Structures are given as structure tokens and as C-alpha cells.
Peer 1: 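Following this message is one structure expressed as C-alpha cells.
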2 protein chains.
Amino acid sequence: MNRSFSIDSILARKPKRKIGEDRLIRVFLQSANLWRRFHSLGTEMIVTKSGRRMFPTLSVIIAGLDPVKNYVVMVDLECIELKRFRYSFHQSKWISTGPGESELPSRMFVHSDSPARGAHWMRSPVSFDKMKLTNNQLDNNGHIIVNSMHKYRPRVHVIEQDEAKTRHTFSFEETEFIAVTAYQNHRITSLKIESNPFAKGFRECEVQDMAHLQVPANFQSVLPFIFPYFANLAANAEQ
Amino acid sequence: MNRSFSIDSILARKPKRKIGEDRLIRVFLQSANLWRRFHSLGTEMIVTKSGRRMFPTLSVIIAGLDPVKNYVVMVDLECIELKRFRYSFHQSKWISTGPGESELPSRMFVHSDSPARGAHWMRSPVSFDKMKLTNNQLDNNGHIIVNSMHKYRPRVHVIEQDEAKTRHTFSFEETEFIAVTAYQNHRITSLKIESNPFAKGFRECEVQDMAHLQVPANFQSVLPFIFPYFANLAANAEQ
DNA sequence: GACTTTGCACCTAGGTGCAAACCT
DNA sequence: AGGTTTGCACCTAGGTGCAAAGTC
């Protein structure tokens, strides 16, 4: 409703894997182009004690549901290689080091619109922007728990709310990532800064926007007293 | 869930009016004390073209629903006197002037959790903080349309999602207000500023918090060049 | 040495009343 | 003169990577 479809998302390819009963249900990844730019570098996701969002945000377009049937939509993280990783700055790539931590079953992030009718889920993209990752194994805030330096891939589950509770699961190869507490690959850092609006403060100064260097208004009222020279300049300029 | 119950809300009195089939459903007004402080002065709500929230926010605690039955919860505004009002600054009170505009049936603000089970609605207070008022009769954003200088009272509707669609309606006398495009009664303005966190910038300076008068960090780096005197002071202080 | 934690400057996003300008 | 609109300074609320300090 308040979200526009990008050509990007329309063109996003079909899910790579599909588990469960064969149906007409289809799920498309949004911002697939952005996801692929990260994936080609080796996506990293910051993980903190208090919980950190993913960027890019996992968001999908769902099709083929029964408009009047109720569904629950949720996401979990699949640990796709039971290994621990280390970033080799020397080789500029991730290398595996040992067997990795034993994984408990992933927590589920249930989309807050659940349960809702098929018509609702299909009306506009379903975004999981509220989902947060934590490395705190004792987390009490319902965030998704992961092990740092391990590789994961999000899975989207669509569950029919009838007796059968049929589950349809989808995941996208380009959304896999390694959880980190600090970015390892500088190119990932750059791409995050370049593409995440909340990291704008770290972008190379693009000249255009120097507004933030101006003196705030309540300070300006004091300026004539401490800068009589500039005050005179300004007064003259106005004439 | 993320909202605490105040003693205030627990003690809030029962709804004044109840329309519809007799049931055990009960609705309690939250922040009733605050609402009453406004009501005793004559509550005013700002209304704009682009839509303005109400303050206090309408929020209720619902009890007596069937936990597994589905309900839709919504709010509309009842024009409780078909008159136009004017604030007499001379007498410090509202006086009616003429018959008032003819009212179309009020738009409904449907709570975004709808439809949901009784258990959901009863688990935590139901807040209508996303509801906005507009005076634009051609509004296209789904906001509630009102006539300025008219008196309204919000109504909470709880609708059972079965064949009968039984509707239970509740309203609270202390939530009535006059829609305005600019505050008329200065005491209302003061109480809004005092109690709405978003209006903190207009509060009388409580000395404690002068942080906003400080020079921002990126300006500070330039200070030594334009304030050599203070720069020397600072340098000496560090020794 | 290889991570992890913490405080922080700097953003996004959007809710306030104010004052001046604008209507009729 | 009475009511409305608009731009704005000032907030709340919370999402970023950074750098320094902490941990093992």
C-alpha cells in the first residue's frame, strides 16, 4: 500500500529451493539486485548483544495464496555450513577453521501481521525489517540468535492455518551471510555505507550537502556579539 | 506487551455509554487522569490538512472477549453537538454560534491489528496512536475528517467476526474535544506542552537540560581558529 | 592475535507548538 | 477580525559504523 514495487523486485528470479507440498504459492525476493551486489563480495551481517537489523532488509512478494484463507508468515535462519569461518585479510577471502559451534534449532521471527488472510499478504511486499540478530545465547527479547563467524541463510515459511498446517518454505541463495561482530571485508563496509540510509553519516562528502556544517540557529543569535566583523558584513550585504 | 498498566488506568471508571447487545465485554480508558485534566479545561485537538495525531492518545483496555473468537476494533468520531463554536477570550470559554456544518458519517479508523482474536486484544492495551485528524474534506490518506470548531467524542467499536457481526460501542465523556486549527485556550496549550513529550522544546527552561545550547562537535574542531583565547584556556585546563 | 563490547557522532523519520503569512 | 496554512526550530525514537577499550 505504502510501498512501491521496483522493477528490480518484479524481475527477481524464482526461489532456488522449495520444500513441502507442491502448490502454486510463489515467493519473490525484493531488492534482489542489492542482495546480489553484497553476495558477490560475501555478505556480512553485524550481530550485537542488544540485537541488530539486517541490511539489506529481507522483504518478499508473495503470490498464489488463497485470498480468504489464513496464513502465518515467519522467518528463521538456517546454518548452511556447520563450520567456523575466519576472514583472511591476506587472501581477502573467508576460510573455514574447524567444525563450528553446535546449533540449537533457530528461533522463528513471526511477522507481526500474522495470522492474516492471503489477500493481505499478497497486497503488498512483506518486509521483515523488524527482525533483529543477536549473539546473546540468553537473549530475552525474542531476537534471532546466531553464532558469530558462522554462515546462515534466511528461510521464509508460509503456514496455512487449517487442520493440516501445511508449511511452504522458501529461501534465496543471494541472502546468505556470515554473522560478524565487526565487519571484516572493507568492501562490505563501503557497500553498506553507500546503500544504507542510516549510514549516510559515513559517506564520502559529496560536496552538495554541507548544511550540517552550518551554525545552529540558537547559536546564530549570539554571533553578532562575538563576530562584530561578520555582523557588519551581513548588515552591509542586506542593504 | 511493551506498555505498562498504570494504576490510573486500572482505576479508570466504566464506560459511560454502551450501545448494542448486552454482554460481558468491558472497555476501560487509559490515561483517564490526563484526559480529565484536559477535559476540565475544555479539550482542544489540533487538526491539519496533512493529518494530526490526538493528544492525549486514545488507548483502551479491553476485557470480557472470547479469547478464540475474532474481532475487529475501530474508532470513529461522533459529532456530539451539531453547533459551531467560538472561543470567547473575554469570557475564557467556548460559546456556540449557529447551527454548524452538516456532517457526513464519520470515517472509521480500523486498528491495524484487526482482525485478531479476543486473546490478542485483551493481552495489552489497544492504542489508537496512529489515528490522525484532518480538516481536508477531500482527504485521500484515510485520516478521520472533522470540521474545525465543532465538538466530537471518539467511539470505540468492537465487532464480532461471525455471521451476526454484533457491534459493541463504547465512549468516554472525558475524551470529548473541540477540533481547532490553532489552540484557543492558553491553558490547553500549556497542558499539552507540559504533558506531550514531543512538545518538550517549548517547556520552560528547567535549567537541568542546557545540552542543546552546546556547539555541535563538528563545529568544535574549528573553534580553536576563531576562538584562540578559549583554545588557550582549554589547553591550560588540560595540564 | 583474534574477536567482542561499549559509548558516541551522525544520521533517518516523524511528532510538537510557534510565528508569520495568508485567506475571506 | 476570525480562522487557516506553511515553514521551521526543537524535540522523541531509534538505526548506522567507528574507535577505543575489553576479553580470552
Side-chain angles (χ1 to χ4, degrees), chain A residues 2 44-55 57 84-89 97 129-136 147-150 178-184 186 188-203 205 209 211-221, chain B residues 2 44-55 57 84-89 97 129-136 147-150 178-184 186 188-203 205 209 211-221:
Chain A
N2 53 358
E44 301 173 23
M45 294 288 176
I46 293 280
V47 75
T48 67
K49 217 170 137 186
S50 60
R52 197 77 149 192
R53 284 189 181 182
M54 292 198 291
F55 187 89
T57 297
R84 186 184 182 77
F85 288 86
R86 192 172 70 76
Y87 188 73
S88 164
F89 288 90
T97 65
D129 57 336
K130 294 288 181 294
M131 183 166 87
K132 287 187 173 183
L133 312 185
T134 182
N135 56 345
N136 179 7
N147 284 315
S148 184
M149 299 304 181
H150 286 62
I178 293 183
V180 294
T181 57
Y183 290 129
Q184 304 293 307
H186 293 302
I188 288 292
T189 313
S190 300
L191 187 48
K192 295 255 184 179
I193 289 173
E194 182 192 316
S195 49
N196 188 336
F198 288 107
K200 205 176 199 174
F202 298 100
R203 290 184 191 166
C205 193
D209 183 11
H212 63 285
L213 288 177
Q214 285 182 0
V215 180
N218 56 9
F219 193 70
Q220 223 146 22
S221 59
Chain B
N2 53 356
E44 301 173 23
M45 294 287 177
I46 292 280
V47 75
T48 67
K49 216 170 137 186
S50 60
R52 197 79 150 192
R53 285 191 183 180
M54 292 199 290
F55 187 88
T57 297
R84 186 184 182 77
F85 288 85
R86 192 171 72 76
Y87 188 74
S88 163
F89 287 90
T97 65
D129 57 337
K130 295 286 180 295
M131 184 167 88
K132 288 187 173 183
L133 311 185
T134 181
N135 57 345
N136 180 7
N147 285 313
S148 184
M149 300 304 182
H150 286 61
I178 293 183
V180 295
T181 57
Y183 289 128
Q184 304 293 308
H186 293 301
I188 288 293
T189 313
S190 301
L191 187 50
K192 295 255 185 180
I193 288 173
E194 181 192 318
S195 50
N196 188 335
F198 288 107
K200 204 177 198 175
F202 299 100
R203 290 184 192 165
C205 193
D209 182 12
H212 63 285
L213 289 177
Q214 284 181 0
V215 180
N218 56 9
F219 192 70
Q220 222 144 23
S221 59

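All figures in this text were calculated on a predicted structure; none of them were measured in a lab. Letters go in sequence order (proteins before strands), and every chain restarts at 1.
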Peer 1: For D/dT4, does OP1 or OP2 lie under 4.0 Å from any side-chain N or O of B/Thr48?
Peer 2: no
Peer 1: Check the phosphate of D/dT5 against B/Asn135, side-chain N and O only, distance under 4.0 Å to OP1 or OP2. Yes or no?
Peer 2: yes
Peer 1: For the helix from C/dG1-D/dC24 to C/dT24-D/dA1, what is the angle between the axes at its two ends, each from 5 pairs, rounded to 10°?
Peer 2: 10°
Peer 1: It should be established whether B/Lys200 places a side-chain nitrogen or oxygen under 4.0 Å from OP1 or OP2 of nucleotide D/dT12.
Peer 2: yes
Peer 1: For D/dG14, does the base pair up with any side-chain atom of A/Arg53 as donor and acceptor (N or O, under 3.5 Å, distance only)?
Peer 2: no
Peer 1: Looking only at side-chain N and O atoms, does A/Thr181 come under 4.0 Å of OP1 or OP2 in C/dT5?
Peer 2: no
Peer 1: Keeping A/Lys192 on the side-chain end and A/Ala199 on the backbone end, is there a donor-acceptor pair under 3.5 Å?
Peer 2: no
Peer 1: Before you tell me yes or no, could you show the steps for B/Gln184 and B/Ile188 under side chain to side chain contact (heavy atoms under 4.5 Å, CB included), namely the whole-Å CA-CA distance, both residues' side-chain angles and the distance that decides it to 0.1 Å?
Peer 2: CA-CA 8 Å; B/Gln184 304 293 308; B/Ile188 288 293; over 6 Å; no
Peer 1: Between atom CG in B/Leu133 and atom C1' in C/dT16, what is the gap in whole Å?
Peer 2: 15 Å
Peer 1: Assess the pair B/Phe89 and B/Tyr87: is the distance between their ring centroids shorter than 6.0 Å?
Peer 2: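 So the answer is yes for these two rings.
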Peer 1: Which nucleotide wins on minimum distance to the side chain of A/Met149, given the candidates C/dT4, D/dC18, D/dA9?
Peer 2: C/dT4
Peer 1: For the side chain of B/Asn196, starting at C-beta, report the closest nucleotide among C/dA9, D/dT6, C/dT16.
Peer 2: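 So the side chain of B/Asn196 is nearest to C/dT16.
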Peer 1: Over how many whole Å does the gap from A/Met45 atom CE to D/dT16 atom P extend?
Peer 2: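 Rounded to the whole Å, the gap is 10 Å.
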Peer 1: D/dG17, D/dG15, D/dG3: which one has an atom nearest the side-chain heavy atoms of B/Gln184?
Peer 2: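 Of D/dG17, D/dG15, D/dG3, D/dG3 is nearest to the side chain of B/Gln184.
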Peer 1: Distance check needed: C/dT16 P versus B/Lys132 NZ, whole Å only.
Peer 2: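 So the NZ-P distance, B/Lys132 to C/dT16, works out to 8 Å.
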Peer 1: Would you kindly compare B/Phe202 and B/Tyr87 by the position of their nearest DNA chain D nucleotide and give the one closer to the 5′ end?
Peer 2: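 Nearer the 5' end of the strand: B/Tyr87.
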Peer 1: When the distance from CD of A/Glu44 to P of D/dT16 is rounded to whole Å, what number comes out?
Peer 2: 16 Å
Peer 1: For A/Ile46 and A/Tyr183, what are the C-alpha separation, side-chain angles and deciding distance, and is it a side chain to side chain contact (heavy atoms under 4.5 Å, CB included)?
Peer 2: CA-CA 7 Å; A/Ile46 293 280; A/Tyr183 290 129; 3.3 Å; yes
Peer 1: Please state how far atom CG in A/Asn136 lies from atom C1' in C/dT4, giving the value in whole angstrom units.
Peer 2: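 In whole Å, C/dT4 C1' and A/Asn136 CG are 13 Å from each other.
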Peer 1: If the condition is side chain to side chain donor-acceptor pair (under 3.5 Å), which residues does A/Asn147 pass it with, not counting sequence neighbours?
Peer 2: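 For A/Asn147, the residues satisfying side chain to side chain donor-acceptor pair (under 3.5 Å) (neighbours in sequence not counted) are A/Glu103, A/Gln137.
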Peer 1: Please pick, from D/dG17, D/dT16, D/dT4, the nucleotide with the shortest atom-to-atom distance to any side-chain atom of A/Phe198.
Peer 2: D/dT16
Peer 1: What about A/Arg86: does its side chain form a donor-acceptor pair under 3.5 Å with the base of C/dG1?
Peer 2: no
Peer 1: When the distance from NZ of B/Lys130 to P of C/dG14 is rounded to whole Å, what number comes out?
Peer 2: 11 Å
Peer 1: Working note: A/Arg84 + A/Met149, criterion side chain to side chain contact (heavy atoms under 4.5 Å, CB included); need CA distance, chi angles, decisive distance, verdict.
Peer 2: CA-CA 6 Å; A/Arg84 186 184 182 77; A/Met149 299 304 181; 4.1 Å; yes
Peer 1: Using a 3.5 Å distance criterion without hydrogens, assess whether the side chain of A/Thr134 forms a donor-acceptor pair with backbone atoms of A/Ser50.
Peer 2: no
Peer 1: Would you confirm whether A/Arg52, through its side chain, and A/Lys132, through its main-chain N or O, come within 3.5 Å as a donor-acceptor pair?
Peer 2: no
Peer 1: Report the distance from atom NE2 of B/His186 to atom P of C/dA19, rounded to the nearest whole Å.
Peer 2: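 Rounded to whole Å, this separation is 11 Å.
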Peer 1: Counting side-chain heavy atoms from CB outward, which of C/dT6, D/dG17, C/dC3 is closest to A/Lys49?
Peer 2: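 Nearest to the side-chain atoms of A/Lys49, counting from C-beta on, is C/dT6.
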Peer 1: Among the candidates D/dG3, C/dG17, D/dG17, find the nucleotide nearest to the side-chain atoms of A/Tyr183.
Peer 2: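 Out of D/dG3, C/dG17, D/dG17, the nucleotide with an atom closest to A/Tyr183's side chain is D/dG17.
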Peer 1: Does a side-chain N or O of A/Arg203 approach OP1 or OP2 of D/dG17 to a distance below 4.0 Å, or not?
Peer 2: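 Looking at the OP1 and OP2 atoms of D/dG17, neither is under 4.0 Å from any side-chain N or O of A/Arg203.
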Peer 1: Would you kindly give the CZ-to-C1' distance between B/Arg52 and C/dC18, to the nearest whole Å?
Peer 2: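 Rounded to the whole Å, the gap is 10 Å.
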